There are 2 protein chains.
Amino acid sequence: MEPHVETEQRILNAAGEVFAERGFRDATVREICARAGANLAAINYHFGDKAALYGRVLDQARCWSDEHDRPILDAAGTPQDRLELFIRGMLNKLFDKGRPSWHTRLMSREMVEPTAAFDGLVDCTIRPKFDLLRGIVADLLGPPAPDPEDDRVILSAASVIGQCLHHHHCRHVTHRLLPGALDAPDLIPKLTDHILRFSLAGIAGLRQPGTTGAGRAAGGDR
Amino acid sequence: MEPHVETEQRILNAAGEVFAERGFRDATVREICARAGANLAAINYHFGDKAALYGRVLDQARCWSDEHDRPILDAAGTPQDRLELFIRGMLNKLFDKGRPSWHTRLMSREMVEPTAAFDGLVDCTIRPKFDLLRGIVADLLGPPAPDPEDDRVILSAASVIGQCLHHHHCRHVTHRLLPGALDAPDLIPKLTDHILRFSLAGIAGLRQPGTTGAGRAAGGDR
DNA sequence: TGGAGACTCAAACGTATGTTTCATACGCTT
DNA sequence: AAGCGTATGAAACATACGTTTGAGTCTCCA
C-alpha cells in the first residue's frame, strides 16, 4: 500500500467491506481506517464525515451493479431464456464469492434496514430490474400478455425475486438448518435450475382464466 | 402505568418494540426505560444487563410464537389444505398489525443479523416449522412421497418460505416501488391465494421424474 | 412500632466512538 | 531555494452509551 496514492479508493473499499459486515451504525471509522491503512482523520478530510462516506460507498456499489446488469437487461430471446438469465444473474451477484462481493450484502442491508440513501437506491437500481422482470413474467402469462400492473404479474415477479433473495437473506438460517447446503460448488446452477422450473410452472399455473382473487383458494389440481 | 407493579413486564414489552425497531445495538436502554416508564437502573436490577434483557425478550417471543403455531402444526387434511394453512399462518404472523407485532420483526432481524441467541432460536422455533413444511411438500411431490432430504423437497420448501418472507423482508422496497400495495385490507388473503397457487403449480412441475440437478439447467418445458 | 428486604430514583463513572485540531511531510510552481 | 496548497499523522475533544452507586421509599411481617 504505497502511501500518497489513492487512499481515497482504499478507504472506499475498506468501508464497503466493513459497512456490509456490520451495518452503518456498528461499523466504526477506526476499523475502516485500520483496514485501509489510513489515518483516522483521512475520512473526514476526504469525505467530510461517516455518513458522506457511506453515501459514496453506495454510489460505487450502484455503479458496479448497473454495469453488471447491463448484459441481462439488453438480452433478447424467449421469455423462458430471459427469466433464466435474470435468475442466474441475480444469484450470481448474491453469492459472488471473492472480490468486491460486499455491495450486494450492502444492498440487502439497505432493503431490510433502510437509511437516508434508500429511496435513491430503489429508484435507480431496483426499479429497472423489477420492471424488466415484470415484462418477462407478463410475456410468460400470455398470450395475450396481461398489463404489467396486473396483480398476477406483480405477485409472480415478487415470487421469483423472493425465492432468489431468500437464499441470501436467510443464509444464516440455512447454514444452521442444513449445514453445508450453501457450500456446494454447484450451488448456483442448482438453485437457478430449481427456481426456474418452479417459477415457470408456477406462472403457467396462473395462466388459466381463473381470477386470482377468487377468495376460495386452493382449487387447482388436487 | 401504576407504579410498583410489574415494571418487569412493562420493560419486556417496551424492549421488544425498541429492539424490533432499531436492532440490538441501536436500541438504547434509555429509550426502553423511557417507553416503559421505568428508571434506568431498573434494567440492571431486574435483568442484569442489556444482553440478558434481550435474551428474555427473545424467550417471550418464542413462547408466543409457539402457541400461535400449535393449531397449524396439529392440523390434518389434504396436503393442499395444510399448505394453505401454513402459508396463511405465516403471513398472518408476518403482517399482524396492532398488538405485539414486534416479535416477528425481531425474528426477521435475527435471521438477517444473528446475535448470540440465534442458534437456539433456529433449533427451537424455525426447525420444527421447516420440518413440517418439508413433510407437506414431500406429500405434494408424491406419490410416492420422496425422502424429506430430497433436494426437490428442500428447495421447494425454501421457495414457499422465501415467497412468504419476501413480502416482509422487502416491505420497504415494495412500499417505495408500489405505494399502497401493502396497505390493502385484503392483503393477506390475496397473498395467500397467490403463493398457494404459484407453489402448488411449481411443486407439481417438479413431479415428473426429471432429475433436478441435471446440470444442464432449464431443460424442461420450454 | 420498628426493622428488613424489595424496589425506585437521580446522579455519576468508564468507555467507545465520531469529529476536530494542529503540527509535519510531500509535490509543485516561481 | 523558498513558498504554498495538499495530504498525513498523533493526540485530544465532546458526546452518547451501558453500567454502577448509594440514598431514598414502599411493603410486609414480627
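Residue numbering restarts at 1 for every chain, and letters A, B, ... go by the order of the sequence lines. Model, not experiment: these values are computed from the prediction.
Nearest-nucleotide positions on DNA chain D place A:Y45 closer to the 5' end than the other of A:L40 and A:Y45. Each of A:A38 and B:V29 was matched to the nucleotide of DNA chain D holding its nearest heavy atom; the match closer to the 5' end belongs to A:A38.
Distance check, rounded to the nearest 0.5 Å: NE2 of B:H194 to CG of B:L91 gives 11.0 Å.
Computed from coordinates, the A:K50 NZ to D:dA16 P distance equals 15 Å when rounded to whole Å. A straight line from CG of B:N44 to C1' of D:dC17 spans 12 Å, rounded to a whole angstrom.
At a cut-off of 3.5 Å, with distance as the only test, a side-chain donor of B:H168 or B:S108 sits close to an acceptor on the other residue. Residues A:H167 and A:T174 bring no donor and acceptor atom of their side chains to less than 3.5 Å of each other. Donor-acceptor pairing under 3.5 Å is recorded for the side chains of B:S199 and B:Q163.
Regarding contacts with the backbone of D:dA7, every side-chain N or O of A:T7 stays at 4.0 angstrom or more from both OP1 and OP2. Put simply, A:H46 has no side-chain N or O that comes within less than 4.0 Å of OP1 or OP2 on D:dT6.
Considering only side-chain atoms of B:N39, the nucleotide from D:dT19, C:dT8, D:dA12 that sits closest is C:dT8.
Counting non-hydrogen atoms under 4.0 angstrom, B:A41 reaches a base of the nucleic acid. No engagement by B:A51 is indicated, since no non-hydrogen atom pair under 4.0 Å with the nucleic acid exists.
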